[in-house]
2 protein chains.
Amino acid sequence: MTPPRSTLRADAQRNREHLIVTAAEAFASGQAISLDAIAKRAGVGTGTLYRHFPTREDLVEEVYRDQIRPLRDDARVLLATEQPAQALHTWMRHFAEWAGERRGICEALVAMSASGRFGTGPVCDEVQQVLGMVLEAGAEAGELRSDIDPVDVGSILAGVLSVAGALEQRAQLDRMLTVVVDGLRPH
Amino acid sequence: MTPPRSTLRADAQRNREHLIVTAAEAFASGQAISLDAIAKRAGVGTGTLYRHFPTREDLVEEVYRDQIRPLRDDARVLLATEQPAQALHTWMRHFAEWAGERRGICEALVAMSASGRFGTGPVCDEVQQVLGMVLEAGAEAGELRSDIDPVDVGSILAGVLSVAGALEQRAQLDRMLTVVVDGLRPH
DNA sequence: TCAGTAACCGGAGGGGTCTCCGCTTGCGTC
DNA sequence: GACGCAAGCGGAGACCCCTCCGGTTACTGA
């Protein structure tokens with residue numbers, strides 16, 4: 001009678017970490033790359049990749065887990081130096097820039113939202129928390145609605161990024177973000 | 001010396017129309033279907049399909065060309081019975097419902113936006129025109145901003161639909177649309 | 001140390017998208 | 001008619017995503 005295990009077996013843990021490192025390098029190169037290719041490059045079968053990361057966004061979220069952290073500090077700084085609504089707008093712009101440099105992030109966020117999983121996963125959880133923080137500050141200052149779910153705001157952000165995330169659409173994206181932030185003001 | 005031709009050759013025209021009819025039937029069945037399968041069902045090679053419709057959204061837009069028309073009348077009715085901002089919100093909801101019943105529409109609109117082609121193609125052109133009409137009415141009534149591009153609004157609509165287009169996300173979608181419409185009000 | 005077992009692995013393979021290119025055919029010309 | 005050629009055709013094939021399952025391996029208890 002073997003007890004059910006809660007932790008990963010040593011080889012599985014190794015494979016998982018190796019996959020993340022390999023994917024991170026591949027994504028960082030800027031080139032598009034297939035998941036099969038990542039598996040091959042990591043020296044594991046595709047089955048192994050998909051067992052650890054059932055969907056592409058699961059892998060993407062894991063790859064950028066650490067890189068998202070600075071955006072939280074950024075939000076804190078913005079809240080300290082700008083009015084909340086303005087800070088929200090600026091942060092969203094910063095996030096768009098951050099996401100624009102990281103292949104697969106927008107698609108991942110959209111997929112998480114569309115499947116009702118926004119907030120689960122390292123990256124979108126961080127986004128949700130940051131948005132919650134800013135929204136709260138805005139509500140306290142009376143500048144932003146107090147009855148809005150950060151998940152909804154994150155989903156809208158993901159949505160507009162999915163249609164205007166490209167660099168050459170910066171101007172359009174900014175106009176769209178203006179609308180969104182204005183829509184978050186009270187009354 | 002053959003002069004360059006502007007119109008489609010007869011067989012090409014036949015194939016094109018047959019593809020649209022076949023795709024319409026396939027989409028109407030509600031089942032997911034591959035483009036290869038549509039080509040086979042239409043009795044043409046996949047090469048022929050992709051020559052006529054380089055991207056999936058090109059085919060989708062063509063298939064729903066006629067079905068989008070009633071939404072224009074709907075907008076007229078709404079403008080006659082509701083205040084413009086309210087009419088905009090209601091119409092967007094109607095559009096979401098319409099799109100929800102038609103496989104591939106949301107994806108197509110997102111793709112058109114993302115590639116800067118929103119407004120080209122029968123469906124998104126109609127959407128753009130309807131939004132233009134409603135926005136204009138709203139601007140005249142002083143209820144909506146007058147400096148906003150219908151393409152931007154259409155893109156936002158496509159974006160939110162891409163993250164919350166599913167039936168079970170109706171409530172979330174409606175909250176998001178509220179934010180968007182509020183963001184379109186003046187000041 | 002050595003089974004026994006659950007956990008894990010790998011890659012073949014099914015199904016999809018999309019391209020490429022050698023062959024066929026409609027159509028204008030004579 | 002018949003000829004010439006641009007326009008169009010079709011399907012093989014490259015590549016991608018993802019699943020499934022027979023074989024392998026790390027861990028555990030004795």
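Only this structure's heavy atoms are used, side chains among them; waters, hydrogens and symmetry mates stay out. Letters A, B, ... are given to chains in the order of the sequence lines, protein chains preceding strands, and every chain is numbered from 1.
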Using OP1 and OP2 only, check whether a side-chain N or O of [X] sits under 4.0 Å from [N].
X     : N      : value
B/R9  : C/dT25 : no
A/H52 : C/dC9  : yes
A/N15 : C/dC8  : no

### Message
Go nucleotide by nucleotide along DNA chain D from the 5' end; which of A/Y50 and A/D11 gets its closest nucleotide reached first?
### Response
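So the residue in question is A/Y50.
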Could you tell me whether the side chains of [X] and [Y] share a donor-acceptor contact shorter than 3.5 Å?
X      : Y      : value
A/E107 : A/S162 : no
B/D152 : B/S155 : no
A/H89  : A/D174 : yes

### Message
Categorize A/R56 for me: base, sugar-phosphate, or nothing, with a 4.0 angstrom heavy-atom threshold over every strand shown.
### Response
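The answer is sugar-phosphate, as A/R56 gets under 4.0 Å only of primed atoms, P, OP1 or OP2.
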Side chain of [X]: nearest nucleotide among [options]?
X     : options                : answer
B/T46 : D/dG10, C/dT17, C/dC18 : C/dC18
A/D36 : D/dC18, C/dT17, D/dG11 : D/dC18
B/T48 : C/dT17, D/dC9, D/dC27  : D/dC9
B/L35 : C/dC18, C/dC27, D/dG10 : C/dC18

### Task
Check the surroundings of atom CD in A/E136: do more than 12 heavy atoms from other residues, nucleotides or ligands lie under 6.0 Å from it?
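Atom CD in A/E136 is not crowded, with 12 or fewer foreign heavy atoms closer than 6.0 Å.
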### Message
Can you measure B/K40 atom NZ to C/dG15 atom C1' for me and round it to whole angstrom units?
### Response
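Nearest whole value for this atom pair: 12 Å.
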### Query
When the distance from CD1 of A/I38 to C1' of D/dC16 is rounded to whole Å, what number comes out?
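Rounding to the nearest Å, CD1 of A/I38 and C1' of D/dC16 are 12 Å apart.
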### Query
Quick one: on DNA chain C, does B/P54 or A/G43 contact a more 5' nucleotide (nearest heavy atom)?
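Looking at the nearest nucleotide for each, A/G43 comes out on the 5' side.
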